[in-house]
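Heads up: the structure comes next, in structure tokens.
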Amino acid sequence: MNKAKIITKADLARINAIVSEYSQQKWAMIPLLQKIQSEFGYIPPQSIPLIARSLGLFPSQVQGVISFYAQLYTQPRGRKVVRVCRGTACHVRGGKTILKLVKQHLDIDEGETTPDLEYTLETVACIGVCALAPNIVVSDHVHGHMNPKKVDQLFKNQEGEK
Amino acid sequence: MENHCTIFVCQGTGCLSSGSEAVYEALKEEISRQGISHAEVDFTGCHGFCEQGPNVVIEPEGIFYTHVQAEDAPEIVTSHLRDGKPVERLFYHDPVTGEAIPNYAEINFYKKQQRIILRNCGQINPEKIEHYIDRGGYRALRKALLMTPDQVIEEIKKSGLRGRGGAGFPTGRKWEFCRNASGDKKYVICNADEGDPGAFMDRSILEADPHAVVEGLTIAGYAIGANEGYIYVRAEYPLAVKRVHTALEQAQQKGFLGKDILGSGFDFVVHVKEGAGAFVCGEETALMASIESRRGMPRPRPPFPAQSGLGGKPTNINNVKSLASIPIILDRGADWFASIGTEKSKGTAVFALTGKIANSGLVEVPMGTPLSTIIFDIGGGIPRGKRFKAVQTGGPSGGCIPARFLDSPVDYETLAQLGSIMGSGGMVVLDETTCIVDVAKYFLSFTQAESCGKCVPCRLGTKQMLEILTRISQGKGREEDMDTLLTIARTVKECSLCGLGQTCPNPVLTTLEYFRDEYETHIQEKRCPAAVCDALMISPCQHTCPVGINIPKYVAQIADGEYLEAVNTIRERNPFPAICGRICHHPCEGRCRRGELDEPVAIRALKRFAADWYFDHVNELAEPEPFPQTHSQKVAVVGAGPTGLSCAYFLAQTGYPVTVFEALPVGGGMLSVAIPDFRLPREVIENEINYIAKCGVEIKYNTPVNINFTIEDIRHSGFEAVFIAAGAQRSQNIGIPGELEDIEGFYYGLRFLRDVKVGKPIKIGRRIAVIGGGNVALDSSRTALRLGADEVSIFYRRSREEMPVTELEYDETLAEGVQVNFLASPTRIVSDDWKVTGLQCVHMKLGEPDASGRRRPIPIPGSEFLAPADTVIAAVGQAPDLSFLPRDSALERTRWERLAVDENRLATNVPGVFAGGDFVSGPGMVIEAIAAGRRGAIAIDKYLQGDTSRVEMYDLKPSVIVGEGLVPSQEEESWEQQFRPETPLLPLQERKGSFKEIELSFSEEKARQEAKRCLRCDLEK
């Protein structure tokens, strides 16, 4: 859906460096993937053969691990990831309505990214801040006790930070 | 010279999100600016009371501040630290009583807890190991290293500690298995993959007291003989990960980790691994696969991890809370720990109390504490005046426990017996606005998505169950669905490979067991009582309205200034917009989605506004035309109350010629006879009845049905169907000594109100005692005040929650000066010389909950008291009066002297004769009466057309939504008005001695603004 970002030579060199960093660690693949993702925002598919070679695995095995875990992504994501919590507490306290309002504000559906690559919208099963339900997380910042006015203000503030 | 004090600002994830970092900085700056030398600012981890955050504690006083913002810093420093006067407005306020409580030790939420596992949470800075050591930290490790590993295991076994991850396996024994396994290389793992939605105690512990877990893990390693430990934390907890890393570094520096710990010769090193978003990795074999960077799929056991785990080596896995318990058990002794809790469940349990609860947060109580204590005493009960429905424990592996088990003790065995599990400690409270079918569907959608897919029962079973639940929630449920669900659930439970599959059917099994009727309502009536399942409704408000008015449509029309269109929309389903706009008890507002988040849209007031606009402009508008008559069969209706007139109106709307026979000279039934003018002016009733008459309904007043003019006579004069809606106008007796009608000063409420309305002169005394708690009681009280009584007191045997009156009615009753005495039941009417002198009552208390969860009032012996009064008004209920029917009437009656009718079609045993409304069901609300009239009209239409199918009164979501009124775009400032406007009321002075209407209408501007607050739930896909 999103065009694959162009991976430069410098990017590949960086990926190689990360792979070497972890090459001596036991059971290192997931931390290695998480490190790449923390720097690039996602795991570039071009890095899979590199990783496979370094760990002595087939690319399909690396791909298999990536596809199993919901938080390992192989597509570029928006600059800001908006996660609407759909945990039990958030669900019974109006989380569905909050999700609807956020979808209206961003004009995208769950799992999608805005065309300008600014926002990706996701739902997450529980962020563990149940006492402040319903919650939204924007780029690792938790916003609790959401209501229509706060949703509106939240996105206005985000625009201000652009 | 002031003593040194520390200001602890909570920096747990919850408080951080509410702005506590800014509070921390502001306090530091302010203290330095003001030069306060005897105070310092520090931060703590999560107190577990996030809803009240940002939280600030001043030690050693123990003062607890809530909702602190950065702007409050100057006041705190100046007033409290410098001048010694704590800031009262920041104290915690009890959600029920409103009382301000300065010390956290006195706050019910904390007072009733026994914080052992949470002992340091909120009390120390988690990034300062010295704090942990000062409170006894690492003492247990020293002690353990001086014991042999076997001695350590014995101590843990003696304590009776059971795994706090959910399964409750005895921890000591688990360690023993691993210790006895052969092999030199062993591992210990801390499972911090707290994946249960609604659970956050592990997160809080890791953020607030990470050393407790590190120490516990190290001791576990020593006891088992493992030199390497892993802490597996889910990726959604970045702050917890950070704090754990910091703690490990500091522990290493102090020599509590690493080589030759404290000179004991024991080496131990800990690695941190982060999860990557897979709930199933909380299962031990999947977790170990994930640590090995493989796909997190469980495997069959045996071999158990104790024999073959990580890398094939013996491995012991424990939950965060189990490990956090180890240091204190060793420090204070196994006997001490075993003295807490019950016989089989020792120690305390930590719950994340969330959902529909006033005090949401972490609660730690001894095992065996009743659920009611946790939910009501500590949790503060259900907010917004809603009723408790169920409590869900154990996350997606657990079940829903209904009200009748509220007094059950919380421990492993009892919860399992009830069909749920203790689980990791998630406890979600559900109220009447939560749909139980939706809850089951919610959990299944979660577990189905998280199912790893390896074994067939789970992979296919969850999908099948989810499909069925989805169909039921969309109005496509079938009778056999419930049994099919049970069969699949049992198979998945018994045959799945791992704990996820084996427990995921529990929500389905418990909800079917305890709430089967709610499933049946969805399947048979296509109705969702909680108004949650979107496909079954145009909108929650519309669905909840007994007549199904298209509320979002008319609210949008008002927002657009189309008032005539709005009134027409209402009249499609309700011919009484001006009356309902004044006195309806608005169940719609109770389900408004806006109301879940801030305040419900003022639907009733908006209806009144539109109706009043119509009648104010009626002379400029076109006259209403009679409905076209498309059928020839004539229908008769007995009774021109709201049920009778509605039935007639809808029959006319369908094309039938209708005649209404009314005994009194005026129509309106209870509305005209019992509701005082200050709530419902008579002109309003007249206008609405005139409108209905203009629509083609013939009304014959002064025409009672009795021995001279029977139902049979009506049938024989050409009416092919008759609907009897004679209402419930007979007052019920209280049934106490002294209840004699001829005594001066004793009235039945209904009679009293009717006499006032028809203008009969009433001799009201000065001190009035009113018995009852419904509308008639409150109306009688307020009427008595207006007639000149000095003192009016209500005596009601139940409590406020059971009073079937709206908040507005109750508030205004109090405002006007009526005293209300709850839990006071009358026992005798005292009189002297045939004049009332007083009312003897006894105090009541609420007893055990019955099957529906309601607590019945029981008298407190010896608590009788006498309330002096010269007038007693009894308003304890009304009943239908069947005396107008002949003794030998063919119409069948029930045991309780009411007509027996079919619930769905309102048909009596005589073909062509139907009955409904208060006459059949006893006194109810006006909108229910109108709904009964509509049901009668639909039923009679079916009967006259020879259609034997059921009456169905539901509106599913249409597949094509015609855009009536746009969703406000981002440019429009429509979300600005956050709060709903106050109801405009006549000032109290103007109400004295007057029966003028006390509620005023919204202005046009206010009405349109309020209408824009609607979230247009009807426009959802």
Side-chain angles (χ1 to χ4, degrees), chain A residues 25-34 37 55 61 64-72 83 85-94 96-98 100-101 104-105 107 124-135 137 140-153 155-156, chain B residues 13-14 16-18 48-51 53 194-200 203 235-238 273-279 290-297 311 352 354-356 360-361 392 395 426 428 430 434 439 442-443 446 449-450 452 593-594 596-598 967 970 975-976 978 1015 1017 1020:
Chain A
Q25 230 185 75
K26 198 165 56 174
W27 302 320
M29 195 198 332
I30 291 179
L32 157 61
L33 290 167
Q34 288 169 328
Q37 185 162 280
L55 299 175
Q61 288 173 303
V65 169
I66 297 175
S67 63
F68 183 85
Y69 293 96
Q71 292 187 357
L72 297 177
R83 293 197 169 96
C85 182
R86 57 177 162 84
T88 318
C90 293
H91 182 82
V92 304
R93 279 204 193 174
K96 250 193 339 183
T97 310
I98 298 296
K100 169 181 137 164
L101 292 170
Q104 277 172 13
H105 268 279
D107 201 20
V124 64
C126 180
I127 56 162
V129 193
C130 317
L132 298 176
N135 293 310
V137 188
D140 287 345
H141 285 122
V142 175
H143 302 269
H145 274 158
M146 295 307 291
N147 59 38
K149 182 163 184 190
K150 280 182 157 185
V151 172
D152 192 48
Q153 264 173 359
F155 287 103
K156 280 211 173 68
Chain B
T13 300
L16 278 173
S17 79
S18 305
F49 210 3
C50 318
E51 190 152 38
E194 188 177 52
D196 279 3
F200 60 100
R203 167 184 74 70
E236 289 87 333
Y237 290 167
K273 281 266 170 150
E274 281 180 53
F279 171 72
S290 188
I291 292 182
E292 294 174 14
S293 279
R294 293 188 291 117
R295 288 163 66 90
M297 290 172 134
T354 63
K356 306 297 185 89
S360 182
Q392 206 278 338
V428 187
L430 313 173
T434 318
V439 166
Y442 165 82
F443 280 121
F446 175 80
E450 297 290 341
C452 77
R593 294 262 165 88
R594 180 97 204 199
E596 263 191 322
L597 300 165
D598 48 49
V967 176
Q970 266 176 278
W975 303 128
E976 267 319 302
Q978 182 184 358
L1015 296 176
C1017 302
E1020 266 173 338

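This is a predicted model, so every value here is computed, not measured. Letters A, B, ... mirror the listed sequences (proteins, then strands); counts begin at 1.
What you find for B/Ala278 and A/Phe68 is that their closest heavy atoms are CB-CE2, 4.0 Å. Across every non-hydrogen atom of A/Thr97 and B/Arg593, the tightest pair is OG1-CD, 3.6 Å. Taking every heavy atom of both residues into account, B/Thr354 and A/Ala131 meet most closely at CG2-N, 4.4 Å. Contact between B/Ser360 and A/Cys130 at its shortest, heavy atoms only, is OG-O, 4.2 Å. Residue B/Ser17 comes nearest to A/Gly144 through the heavy atom pair OG-N, 4.3 Å, listed as atom of the first residue, atom of the second, then distance. Taking all atoms of both residues into account, the shortest heavy-atom contact from A/Lys100 to B/Cys1017 is NZ-CA, 3.9 Å.
Interface residue B/Tyr237: only side-chain heavy atoms are found under 4.5 Å from chain A. Within the 4.5 angstrom heavy-atom criterion, no atom of A/Ala133 approaches chain B. Heavy atoms of B/Phe443 lying under 4.5 Å from chain A belong exclusively to its side chain. Proximity to chain A is absent for every atom of B/Ala352, based on heavy atoms less than 4.5 angstrom apart. Looking at B/Arg203, only its side chain comes within 4.5 Å of chain A, counting heavy atoms on both sides. Of the two parts of B/Leu16, neither the backbone nor the side chain holds a non-hydrogen atom closer than 4.5 Å to a non-hydrogen atom of chain A.
With chain B as the partner, the residue from A/Val92, A/Val124, A/Leu55 showing the most heavy-atom pairs under 4.5 Å is A/Val92. Across A/Val142, A/Ile127, A/Asn135, the residue that shares the most heavy-atom pairs under 4.5 angstrom with chain B is A/Val142. Of the listed residues (B/Cys50, B/Pro238, B/Ala276), the one with the most heavy-atom contacts under 4.5 Å to chain A is B/Ala276. In terms of heavy-atom pairs under 4.5 Å with chain B, the best-connected choice from A/His145, A/His141, A/Gln61 is A/His145. Among the candidates A/Arg93, A/Arg83, A/Gln37, A/Lys26, the residue making the largest number of heavy-atom pairs closer than 4.5 Å to chain B is A/Arg93. Per-residue heavy-atom pair counts under 4.5 Å with chain A were compared for B/Met297, B/Glu194, B/Lys356, and the maximum is reached by B/Lys356.
Residues B/Glu236 and A/Cys126 fail the side-chain proximity criterion, which asks for heavy atoms closer than 4.5 Å. Taking 4.5 Å as the limit, some side-chain heavy atom of B/Ser290 sits within range of a side-chain heavy atom of A/Tyr69. Looking at heavy atoms from C-beta onward, B/Pro197 lies out of side-chain contact with A/Arg86 at the 4.5 angstrom threshold.
Listed for the B/Ser293 side chain is a donor-acceptor partner under 3.5 Å among the backbone atoms of A/Ile30. In terms of modelled atom types and a separation under 3.5 Å, the side chain of A/Lys149 and the main chain of B/Asp598 share no donor-acceptor contact.
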